[in-house]
Structure formats: structure tokens, C-alpha cells
Amino acid sequence: MALNKKTIRDLDLKGKTVFCRVDFNVPMKDESITDDARIRAAVPTIQYLSEQGARVILGSHLGRPKGEAVDELRLGPAAARLGEIMNVDVKKVDEVYGEEAKQTAASLENGEIMLLENLRFEAGEEENDETLAKNIASLADIYVNDAFGAAHRAHASTEGVARHLPSAAGLLMEKELEVLGQALEDPDRPFTAIVGGAKVKDKIGVIDNLLDIVDNLIIGGGLAYTFVKARGYEIGKSMLEEDKLDMARKFMQKAEDKGVNFYMPKDVIVSDDFSDDANTQAVSIDSIPSDWEALDIGPETRKEYANVIKDSKLVIWNGPVGVFEFTTFEKGTRSIAEAMAEASGTYTVIGGGDSAAAVEKFGLADKMSHMSTGGGASLEFIEGKVLPGVAALDDK
Ligand SMILES: Nc1ncnc2c1ncn2[C@@H]1O[C@H](COP(=O)(O)OP(=O)(O)O)[C@@H](O)[C@H]1O
Ligand SMILES: O=C(OP(=O)(O)O)[C@H](O)COP(=O)(O)O
């Protein structure tokens with residue numbers, strides 16, 4: 001499925017200043033980057049822009065600072081890592097726009113690269129504020145969007161800015177849309193989607209449309225417990241979106257009506273604390289103690305999910321099924337990754353920053369058919385939704 005949008009290969013870039021939106025929203029621990037896959041994935045576009053003689057201004061968000069500066073979410077480490085990977089000097093400014101940003105942008109030579117501060121330090125970013133979009137646009141001649149992972153967001157730097165500059169997709173954006181589009185054009189079946197993670201509010205809605213296209217829907221991670229509770233079980237202190245309980249009930253009914261196999265945990269690992277050295281026990285789903293929380297799927301569930309994966313021809317996974325960052329709660333996520341890695345003849349797609357980080361941690365990334373840089377974005381693309389960050393770009 002060819003992209004009907006302009007890409008950077010369609011542009012004359014020499015001497016032009018390009019604002020390139022990237023997704024450097026990388027997993028961090030104590031202000032250091034624990035997985036730089038998203039930065040590495042953006043390098044081909046940055047390299048191309050630079051080699052073509054553009055002056056490159058990069059912008060990204062990191063985390064969810066909600067419109068104010070948060071020191072732990074500054075992009076200094078990302079600039080340093082990009083510089084190391086590309087072996088170039090990446091100029092970093094401490095603001096999104098303003099005098100420092102303008103002066104540094106104006107001082108760029110052809111081929112040079114700078115990175116703005118975390119775009120979400122500006123309240124206007126997530127509000128898709130027109131003034132912020134104009135301020136960003138005023139720094140550049142051309143807008144390039146390479147942030148596939150944020151393409152489902154209609155924010156000032158992913159959508160608004162495209163209204164003020166000639167625009168095009170970057171190489172990562174193009175590749176993601178092509179690969180996912182191809183896998184979904186006439187999906188091999190059985191088609192299984194696995195949805196987990198902690199962004200429950202964001203991701204629970206995708207299940208509605210996924211139920212129209214998949215044969216098997218597996219849920220895990222923090223997202224699962226709203227469904228477990230909706231089924232009538234006690235979930236103790238596990239993650240819950242109280243106001244999504246009705247939605248969860250509706251989705252389970254829809255799965256039944258449509259004949260989609262719906263899998264939720266039948267046993268879990270519960271913990272008395274959110275830490276690696278907490279007390280834990282494996283319990284059946286009807287026995288979660290009231291003051292404990294479920295932080296991973298249990299052994300029976302691991303087996304069941306692995307079997308569904310092995311019998312599938314297409315598997316798309318977004319969201320860890322447990323708190324894999326703690327070794328104590330990584331077994332479920334590891335078993336999903338292993339089952340996908342071992343499934344021969346199955347097309348396997350991993351989406352999302354943390355899911356990809358988990359697969360990298362287990363050393364299985366090269367065993368997957370496609371490691372997508374987008375979690376929510378790939379899910380919305382799979383649902384058939386128009387991604388605002390793509391729609392806003394100039395047509396071919
Ligand atoms: N049972 C759980 N309870 C709380 N958090 C969980 C649970 N299972 C997984 N998580 C957390 O979900 C986070 C990832 O969620 P999310 O951002 O939605 O995924 P992705 O980045 O892959 O799209 C991880 O940091 C993981 O620790
Ligand atoms: O990490 C991201 O999404 P993902 O967790 O769905 O992969 C993107 O950078 C988007 O971040 P957001 O969900 O805070 O808008």
C-alpha cells in the first residue's frame with residue numbers, strides 16, 4: 001500500500017531549515033536512557049536530511065509533563081545519545097521556541113543538527129494551540145513528521161504545524177505505514193492481538209474496533225484488571241479504571257456475539273508492594289487478596305497465551321502483560337515474547353516503547369517480523385483510524 005503523502009525524498013532540502021518531529025519518548029531510569037530504539041529508528045531520516053544539506057531542528061516529547069518544565073524529562077540525554085550514535089555534535093537548547101532556539105537555529109550550517117527542549121513543557125503542545133504551532137513553524141522552512149509513535153496525537157508539533165509549512169513524511173513514518181499496511185491488507189489468520197500495558201484510558205477503546213478484525217484478543221498488564229473486575233472478580237489493589245467497567249462489559253459481550261476468542265488472565269502473580277523484592281504469590285483469578293495487587297499473569301495464563309500465539313498466523317502485541325522492569329514480574333511478558341519469537345510462519349509485530357524495550361531486554365528483537373516504534377499509534381492504525389499526524393501532511 002503506497003503512501004499517498006509526500007516524503008522527504010520528494011523535497012529539495014539543500015540550505016533549507018527543516019523542523020523534524022521525532023519520537024524520542026524513550027524509557028528512562030534515573031535520567032538515563034534504558035532503551036534507545038526509538039532514537040536509532042529516527043537516524044536514517046536525520047542522516048538523510050543532514051546529508052542533503054538541510055539545517056535540522058529536531059523536536060520531541062518525553063513522558064507526560066502536562067505543560068510545565070520537569071527536570072527529569074529534559075531532552076539532554078536524548079541529544080547526547082543521538083550525537084553518540086551519529087558521531088556528530090547535536091546542539092541542544094533548553095526551550096521550545098524563543099530567543100535561544102531562534103539564535104541557535106539561525107546559526108546552523110547546512111547539515112547541522114539541533115534538538116529543542118521537550119515539546120510538552122509547553123501547554124499548547126497537547127492542546128494543538130495555533131500560536132504554538134506558528135511559533136514552531138517560524139523556526140523552519142519545511143516540516144517533516146517522522147514521529148510514527150505520536151502520529152495518533154493531534155498536537156501542535158504533530159498536526160498544527162503542518163498547516164503553516166510545506167510538509168512531508170520521514171523515512172521511519174513511511175516504513176511503519178507501509179509495513180503495517182501490508183500486514184493488514186489481507187491479514188493472515190488466525191489473527192491475534194495482545195493488548196496490555198498501563199495506558200488503560202488510552203488503549204481500552206481500541207478493543208472495540210479490534211474485535212471487528214481479529215480472531216483472538218488477549219489482554220494482560222494493568223489493562224486486564226478492569227475486565228477482570230467487570231467479570232465480577234475482586235482485584236484487590238490492581239490497576240483499575242472504574243469508569244471503564246461498563247465499557248469492558250460491553251466489549252466482552254461484543255466478543256461473544258462476534259465469536260472472537262477473548263482471553264483474560266485466569267491466574268496472576270500478586271504482590272504486597274510495587275517493588276522487585278516484594279512478597280508475591282501465584283493465585284487463581286478468583287482469589288486476589290484484597291490488599292495485594294496483580295503485577296503479572298500467572299503460570300496457567302502464560303501457557304494458555306503461548307498456545308494461542310503458536311496457533312496464530314499474525315500476532316500484533318502492544319503493552320507488557322506485567323511490570324517487566326522488575327525481574328520478579330517479567331515472566332509473563334517474557335513468555336509472550338518467547339512464544340512470538342518461536343512461532344514459525346507467523347508474522348509478528350511488536351508495538352510501543354515499553355513493549356519494544358521488553359523484547360530488547362530479552363534479546364529477542366531480531367526474531368520478530370517487525371518492531372514498530374508506535375504502540376497506541378499502531379493500534380489506532382490497525383483499527384483503521386486516520387492518524388492525524390499523517391493526514392496533516394501534504395499529499396503527493
Ligand atoms: N499489572 C500491571 N500493573 C501496573 N503496571 C503494569 C502492569 N503490567 C504492565 N504494567 C506497566 O505498563 C507499562 C507499559 O505500558 P504502556 O506504556 O501502555 O506500553 P507501551 O509503551 O508498550 O505502549 C510498563 O511500564 C509496565 O510496568
Ligand atoms: O510512547 C508512546 O506511545 P506508546 O506508549 O503507545 O508506544 C508515544 O511516544 C506517544 O506518547 P503518549 O501516549 O504520551 O502520547
Side-chain angles (χ1 to χ4, degrees), residues 21-29 34-35 37-39 41-42 60-66 73 78 118-120 125-126 146-155 157-158 176 194-204 206 219-228 235-241 264-265 268-271 274-276 278 280 288 292-298 301 316-333 336-337 349-361 371-382 387-389:
R21 176 57 156 99
V22 289
D23 184 355
F24 286 176
N25 185 26
V26 287
M28 310 269 297
K29 194 167 186 241
T34 55
D35 179 49
R38 277 182 168 156
I39 299 177
S60 176
H61 72 285
L62 174 62
R64 294 177 166 178
K66 301 201 183 322
L73 296 177
N118 188 339
L119 298 163
R120 288 190 186 168
E125 166 64 357
E126 294 193 63
D146 208 30
F148 173 73
H152 57 318
R153 308 289 181 215
H155 294 171
S157 70
T158 62
E176 291 273 16
I194 307 165
V195 186
K199 292 179 179 172
V200 187
K201 260 202 182 80
D202 285 18
K203 286 177 190 168
I204 197 167
V206 307
I219 56 164
L223 177 120
Y225 302 100
T226 301
F227 289 85
V228 172
I235 59 166
K237 291 187 170 155
S238 311
M239 191 173 268
L240 170 69
E241 283 295 334
M264 65 178 203
V268 288
I269 308 297
V270 292
S271 173
F274 193 85
S275 74
D276 216 356
T280 65
I288 299 178
W292 292 52
E293 63 182 315
L295 295 183
D296 198 4
I297 56 174
T301 308
I316 292 181
W317 176 26
N318 172 240
V321 296
V323 183
F324 75 94
E325 294 93 336
F326 298 144
T327 316
T328 315
F329 307 107
E330 68 163 32
K331 285 197 187 73
T333 302
I336 301 262
V349 179
I350 312 295
D354 293 297
S355 313
V359 171
E360 297 266 3
K361 176 182 173 191
M371 294 285 290
S372 174
T373 50
S378 58
L379 288 175
E380 291 199 20
F381 182 78
I382 291 160
L387 302 178

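Indexing begins at 1, ligand by ligand and atom by atom, following the structure's order.
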Participant: Tell me yes or no: between the side chains of Glu176 and Ser378, is some donor less than 3.5 Å from an acceptor?
Facilitator: no
Participant: Would you give the length of the straight line joining atom CD1 of Ile269 to atom CD1 of Ile288, rounded to the nearest 0.5 angstrom?
Facilitator: 11.0 Å
Participant: Give yes if a backbone or side-chain nitrogen or oxygen of His152 is under 3.5 Å from a nitrogen or oxygen of ligand 2, and no if not.
Facilitator: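 For ligand 2, there is no N or O atom that lies under 3.5 Å from one belonging to His152.
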Participant: Rounded to the nearest 0.5 Å, how far does CG of Asp23 lie from CZ of Arg38?
Facilitator: 4.0 Å
Participant: Of all the atoms in ligand 1, which lie at a distance below 4.0 Å from a heavy atom belonging to Asn318?
Facilitator: 20 (P), 22 (O), 23 (O)
Participant: Within the structure, does Gly374 bring an N/O atom to less than 3.5 angstrom of an N/O atom in ligand 2?
Facilitator: no
Participant: Could you name the option among Ser372, Gly322, Ala294, Ser271 that has the heavy atom nearest to atom 9 (C) of ligand 1?
Facilitator: Gly322
Participant: Any atoms of ligand 2 less than 4.0 Å from a non-hydrogen atom of His61? List them with their elements.
Facilitator: 8 (C), 9 (O), 10 (C), 11 (O)
Participant: May I ask you to identify, for Lys199, whether its side chain, its backbone, both or neither come under 4.0 Å of ligand 1 on a heavy-atom basis?
Facilitator: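 Within the 4.0 Å criterion, Lys199 contacts ligand 1 through backbone and side-chain atoms alike.
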Participant: So which protein heavy atom does atom 15 (O) of ligand 1 come closest to, and at what separation?
Facilitator: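 Ranked first by proximity to atom 15 (O) of ligand 1 is Ala198 N, 2.9 Å.
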Participant: For ligand 1, which atoms sit closer than 4.0 Å to a heavy atom of Gly352?
Facilitator: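 The list of qualifying atoms is 22 (O), 23 (O).
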Participant: Does the pair Trp292 and Val268 meet the rule for a side-chain contact (heavy atoms from CB on, under 4.5 Å), with working shown?
Facilitator: CA-CA 11 Å; Trp292 292 52; Val268 288; over 6 Å; no
Participant: Ser157 and Arg21: side-chain donor and acceptor closer than 3.5 Å?
Facilitator: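 There is such a pair (donor and acceptor under 3.5 Å, judged by atom type) between the side chains of Ser157 and Arg21.
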Participant: Could you establish whether His155 and ligand 2 come within less than 4.0 Å of each other, counting only heavy atoms on the residue side?
Facilitator: no
Participant: Under a 4.0 Å heavy-atom limit, does Phe329 contact ligand 1 with its side chain, its backbone, both, or neither?
Facilitator: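 For Phe329, no heavy atom sits under 4.0 Å from ligand 1.
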Participant: Which of the atoms of ligand 2 are close to Lys203, meaning less than 4.0 Å from one of its heavy atoms?
Facilitator: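 Those of ligand 2 that fall under 4.0 Å from Lys203 are 5 (O), 6 (O).
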Participant: Determine, step by step, whether Met239 and Val200 satisfy the side-chain contact (heavy atoms from CB on, under 4.5 Å) criterion, reporting the C-alpha distance in whole Å, the side-chain angles of both residues, the deciding distance to 0.1 Å, and the verdict.
Facilitator: CA-CA 9 Å; Met239 191 173 268; Val200 187; 3.8 Å; yes
Participant: To the nearest 0.5 angstrom, please state how far the CD atom of Glu380 sits from the NZ atom of Lys203.
Facilitator: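 Rounded to the nearest 0.5 Å, the CD-NZ separation comes to 10.0 Å.
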Participant: Hey, is Glu325 touching ligand 1 through its side chain, its backbone, both or neither, going by heavy atoms under 4.0 Å?
Facilitator: side chain
Participant: side-chain contact (heavy atoms from CB on, under 4.5 Å) for Glu325 and Asp354? Distances and angles first, verdict last.
Facilitator: CA-CA 9 Å; Glu325 294 93 336; Asp354 293 297; 4.2 Å; yes
Participant: Val270 versus Leu295: any side-chain heavy-atom pair under 4.5 Å?
Facilitator: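 SC-SC contact between Val270 and Leu295 ruled out.
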Participant: For ligand 1, which atoms have a heavy atom of Met239 less than 4.0 angstrom away?
Facilitator: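 Matching atoms, with element in brackets: 4 (C), 5 (N).
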Participant: May I ask you to identify, for Glu380, whether its side chain, its backbone, both or neither come under 4.0 Å of ligand 2 on a heavy-atom basis?
Facilitator: neither
Participant: In plain terms, say whether Asp202 and Arg153 are close enough for a salt bridge, that is, a side-chain N and a carboxylate O under 4.0 Å apart.
Facilitator: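 Result for this pair is yes, salt bridge flagged.
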Participant: Show me which atoms of ligand 2 lie under 4.0 Å from any heavy atom of Asp23.
Facilitator: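 Those of ligand 2 that fall under 4.0 Å from Asp23 are 8 (C), 9 (O).
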Participant: Should you measure from each heavy atom of Arg153, which atoms of ligand 2 turn up under 4.0 Å away?
Facilitator: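 The list of qualifying atoms is 12 (P), 13 (O), 15 (O).
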Participant: Between Asp202 and ligand 1, which residue portion shows a heavy-atom distance shorter than 4.0 Å: side chain, backbone, both, or neither?
Facilitator: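 For Asp202, there is no contact with ligand 1 at all, from either part.
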Participant: Taking C-beta and beyond as the side chain, do Phe326 and Asp296 meet within less than 4.5 Å on heavy atoms?
Facilitator: no
Participant: Any nitrogen or oxygen of Thr373, main chain or side chain, under 3.5 Å from a nitrogen or oxygen of ligand 2?
Facilitator: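 Between Thr373 and ligand 2 (N or O atoms, distance only) the closest approach is not under 3.5 Å.
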Participant: Is there any N or O on Asp296 that sits under 3.5 Å from an N or O of ligand 1?
Facilitator: no
Participant: Of the protein's non-hydrogen atoms, which lies at the shortest distance from atom 14 (C) of ligand 1, and what is that distance?
Facilitator: Asp354 OD2, 3.5 Å
Participant: Among all protein heavy atoms, pick out the one at the shortest distance from atom 5 (N) of ligand 1; state its residue, atom name and that distance to 0.1 Å.
Facilitator: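 It is Val323 CG2, 3.7 Å.
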Participant: Just distances here: any N/O of Asn318 and N/O of ligand 2 closer than 3.5 Å?
Facilitator: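 So ligand 2 has no N or O lying under 3.5 Å from an N or O of Asn318.
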Participant: Can you tell me the protein heavy atom closest to atom 23 (O) of ligand 1 and the distance?
Facilitator: Lys203 NZ, 2.6 Å
Participant: Pull out every atom of ligand 1 sitting under 4.0 Å from any heavy atom of Tyr225, numbered as shown with elements.
Facilitator: 1 (N)
Participant: Identify, for atom 22 (O) of ligand 1, the protein heavy atom at the shortest distance, and state residue, atom and that distance.
Facilitator: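 For atom 22 (O) of ligand 1, the nearest protein heavy atom comes out as Ser355 OG, 2.6 Å.
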Participant: Are Phe326 and ligand 1 in contact, using a heavy-atom cut-off of under 4.0 Å?
Facilitator: no
Participant: Do me a favour and list the nearest non-hydrogen protein atom to atom 2 (C) of ligand 1 with residue, atom name and distance?
Facilitator: Gly222 N, 3.5 Å
Participant: Checking side-chain contact (heavy atoms from CB on, under 4.5 Å) for the pair His61/Glu126: CA distance, chi angles, key distance, verdict?
Facilitator: CA-CA 10 Å; His61 72 285; Glu126 294 193 63; over 6 Å; no
Participant: Within the structure, does Gly376 bring an N/O atom to less than 3.5 angstrom of an N/O atom in ligand 2?
Facilitator: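 Checking ligand 2 against Gly376, an N or O pair does fall under 3.5 Å apart.
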Participant: Among all protein non-hydrogen atoms, which one is nearest to atom 3 (N) of ligand 1, and what is the separation to 0.1 Å?
Facilitator: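 Answer, as residue, atom name and distance: Leu295 CD2, 3.8 Å.
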Participant: Run the salt-bridge test on Lys361 and Glu330 with the 4.0 Å N-O cut-off and return the result as yes or no.
Facilitator: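 Answer for the salt bridge query: yes.
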